[in-house]
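Here the structure is laid out as structure tokens; the discussion comes afterwards.
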Amino acid sequence: MTNREIADILQRIGDMLDILGENRFKVLAYRRAAENISHLGQDVRTYWRAGTLQEISGIGPAIADKIDELLTTGHLEFYERLQDQVPTGVVSLLEIPDVGPRTAKLLWDQLGLQSVAEVEAAARSGKLQTLPGLGAKSETKILAGIEALHRRSDRIPLGTAWPVATALLEELKATCADVLQATVAGSLRRMRATIGDIDLLASSEVPAPVMRAFAALPPVAEVLLSGQTKTSVRLHNGLQVDLRVLEPDRWGAALQYFTGSQAHNVHVRELAQKQGLSLSEYGFKQQGNGEILCPEEAEVYETLGLPWIPPELREDRGELEAAQTGELPRLVEWDDIQGDLHAHTDWSDGAGTLEEMAQAARAKGYHYLVISDHTQSLGVANGLTPERLRAQRAEIEALNAQYDDFTLLQGCELEIKADGSLDFPDQVLAELDFVVASVHTSLRQDREQITERVMNALRNPYVDVIGHPSGRLLGQREESAVDLDAVIRAAAETGTALEVNSIPTRLDLDDVHARRALELGVRLAINSDAHHAGGLDSLPYGLATARRGWATAGDVLNALTLEEIRAWRKARPGVGQGTHKSGR
DNA sequence: GCCGTTTTCGGCCCGACTGTTTTCAGTCG
């Protein structure tokens, strides 16, 4: 049973207790436990075997017992009893926007409705507005919610949402002179891999014209709600965007609040309470004597005696405890990045020439770029044979002769084949400056098989980095069954780096596993995996993902200079000596 | 149900918006 499965069950228990009207803090406890388990980064069974389940935040004796029962017997009596009381279909009603636990219970109790389809039929025949507390407007709203559910697009990749959000901000500032400040907030500012909707924040002395201007922007298709300080719209491309407008002297408090995450904010407000303060998006209220406004975001944290916390860390995964003890990491920044260790050219499936890629990398101020074209067995990508690899080498050397501030390195993206063997023999790999090894085929193999494939690549002394280790494609393909926990532990032993691939639909490793890798001392390679010159521009998304994994410059391979990377390769077990490691 | 540099018991973040209710409940983030 995986972390995901256990978290799902705890989440559903929370939902069912909520519908039954249980104490809301008990409901919250189950949801918190579910959240924390799904972001654990290592197998919950590791804690279970060690008898340390209660060391996981949000897990006490009662939930620990339930996890123990699940892992021991494969089922949970408490959960099964709840399922007898609340039909699964009733829980599914919570997926309808604007239907919460109270409304779900009402629909079930009064009309016996147990599925979204049944609710839809009842709404169309006008039965919902006969219920106590619901009227015609509620019925219309629920129908609209069901329609939204049906055409619900999945969460949007960060790389898709970011340009949309920044364009909207530019348009808003250009069309409305009353806007003093405007920025991205919410999960987008925290740089989550995917986002549900776009949150924007603006400051102005007069909110009303700002919100009118926002609602009138050309990309806006419909206004979903509009109040005094908040407007919510849907764009023609289907994205939902929320804009909140506040006075400039409350900007910092508002930005802190609107950036979230919700769990982070709850924790921050609890800390405020302990100091006799109440924190909201308007600032701090002191008991009896007035307010503390925070024009700057850092002042919110300062008021609580804390350093400013980078948005990427605000997930309530230990950042507040680290801030209190002065142990916040100094996160890796764009200026730390010295080069890119994974890029393709038209020698395999890329669109750019060697020279175009080199020029684009130089223009970014990089000092090196690894050309890592696909290898021979990946025929669809025009993978390189050893002969073509040597021909490419000659071109690379000719280009390098022209640069004194920049170096192209020759590498490859070495295919880890379905049977676990590598696509080149060691003597070919030994000629290369750098090797990224990746899985592209047979991604549906079972856990043991696909894990062993990656392990085999890790054990090869010439393999420097494992590329996109999980194989996920956001919104298209789940990650493979590979045991990332085992891969990370093995990478720590062999001194191999793991990639944080920056392609917006990959971001692989993800933040959670990147953090786990760093805990075990594994270096990260933040790579663009560019297939054309513009592809190099995606690196900031990988950088953000690594930052969400608490990475410092010292944790990142391509924050090293070229000389340091060469030294790192030499120092790795087996490489400098040109000998094979034992234990293959 | 969890948790503790004010607590092992008594707390548990805070406000916007909507709809229907004439003073507030439900939902959301």
Side-chain angles (χ1 to χ4, degrees), chain A residues 10 13-14 17-19 21-36 53-67 78 93-107 128-142 144-145 185-188 190 195-199 201 207 211 223-232 240 242-246 250 253-254 256-285 300 304-305 316 320-321 324-325:
Chain A
L10 294 175
I13 289 175
L17 293 175
D18 205 359
I19 289 168
E22 253 290 1
N23 178 302
R24 64 195 176 101
F25 298 109
K26 189 194 267 196
V27 172
L28 187 64
Y30 277 97
R31 292 191 174 141
R32 271 186 174 162
E35 184 78 7
N36 291 342
L53 281 171
Q54 292 189 52
E55 285 179 11
I56 301 169
S57 172
I59 295 190
I63 295 181
D65 276 353
K66 292 182 174 68
I67 294 172
F78 177 68
L93 301 186
L94 298 180
E95 290 172 27
I96 305 171
D98 298 314
V99 172
R102 302 276 75 79
T103 310
K105 183 156 196 297
L106 182 73
L107 296 173
L128 298 197
Q129 55 179 295
T130 66
L131 295 176
L134 294 187
K137 281 194 175 176
S138 298
E139 190 170 77
T140 308
K141 201 168 165 184
I142 288 173
S187 54
L188 201 49
R190 303 198 311 278
I195 59 123
D197 55 27
I198 293 175
D199 293 313
L201 179 68
M211 291 196 294
V223 176
L224 300 174
L225 65 85
S226 64
Q228 302 275 311
T229 66
K230 185 177 169 182
T231 297
S232 186
Q240 186 179 322
D242 298 338
L243 172 71
R244 189 78 185 268
V245 186
L246 288 103
R250 302 182 190 274
Q256 195 283 327
Y257 157 75
F258 217 33
T259 297
S261 68
Q262 195 170 357
H264 174 88
N265 284 355
V266 167
H267 198 155
V268 168
R269 289 168 181 201
E270 284 169 356
L271 295 179
Q273 276 193 323
K274 286 180 187 157
Q275 300 185 25
L277 298 168
S278 168
L279 175 63
S280 76
E281 59 264 51
Y282 297 104
F284 291 95
K285 280 183 211 153
V300 175
L304 298 172
D316 196 27
L320 285 160
E321 292 82 351
Q324 286 173 311
T325 55

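A quick note: this is a predicted structure, and the numbers were derived from the prediction, not measured. Naming convention: chains lettered A, B, ... in sequence-line order (proteins, then strands); numbering from 1 in each chain.
- Between A/I13 atom CD1 and B/dG1 atom P the separation is 10 Å, expressed in whole Å.
- Side-chain N/O atoms of A/T229 include one lying less than 4.0 angstrom from OP1 or OP2 on B/dC17.
- The phosphate of B/dC17 has neither OP1 nor OP2 within less than 4.0 Å of any side-chain N or O from A/S226.
- Without hydrogens or angle criteria, A/D199 side chain to A/A185 main chain gives no donor-acceptor distance under 3.5 Å.
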Strictly under 3.5 Å: I want the nitrogen or oxygen pairs between protein and nucleotides 3-12 of chain B, one per line.
residue: B/dC3; atom: OP1; partner: A/G58; partner atom: N; Å: 2.7

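- Taking atom C1' in both B/dC9 and B/dA16, one finds a spacing of 34 Å when rounded to whole Å.
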Within the sub-3.5 Å range, which N or O atoms of nucleotides 24-29 of chain B have a protein N or O partner, and how far apart are they?
residue: B/dG26; atom: O3'; partner: A/T103; partner atom: OG1; Å: 3.4
residue: B/dT27; atom: OP1; partner: A/G100; partner atom: N; Å: 2.6
residue: B/dT27; atom: OP1; partner: A/G100; partner atom: O; Å: 3.1
residue: B/dT27; atom: OP1; partner: A/T103; partner atom: N; Å: 3.0
residue: B/dT27; atom: OP1; partner: A/T103; partner atom: OG1; Å: 2.5
residue: B/dT27; atom: OP2; partner: A/R102; partner atom: N; Å: 3.2
residue: B/dT27; atom: O5'; partner: A/G100; partner atom: N; Å: 3.4
residue: B/dC28; atom: OP1; partner: A/D98; partner atom: N; Å: 2.8
residue: B/dG29; atom: N7; partner: A/Q262; partner atom: NE2; Å: 3.3
residue: B/dG29; atom: N2; partner: A/Y257; partner atom: OH; Å: 3.4

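- Under the Watson-Crick or G-U wobble criterion, with both distances below 3.5 Å, B/dA25 is paired with B/dT18.
- Looking only at atom types and distance, the side chain of A/D316 has no donor-acceptor partner in the side chain of A/Q262 under 3.5 Å away.
- Scanning all heavy atoms of the two residues, the minimum distance from A/A29 to A/I63 falls at O-CD1, 4.0 Å.
- Counting to the nearest Å, the P atom of B/dC13 and the CG atom of A/N265 are 12 Å from each other.
- Across the P atoms, B/dT22 and B/dC17 are found 22 Å apart, a figure rounded to whole Å.
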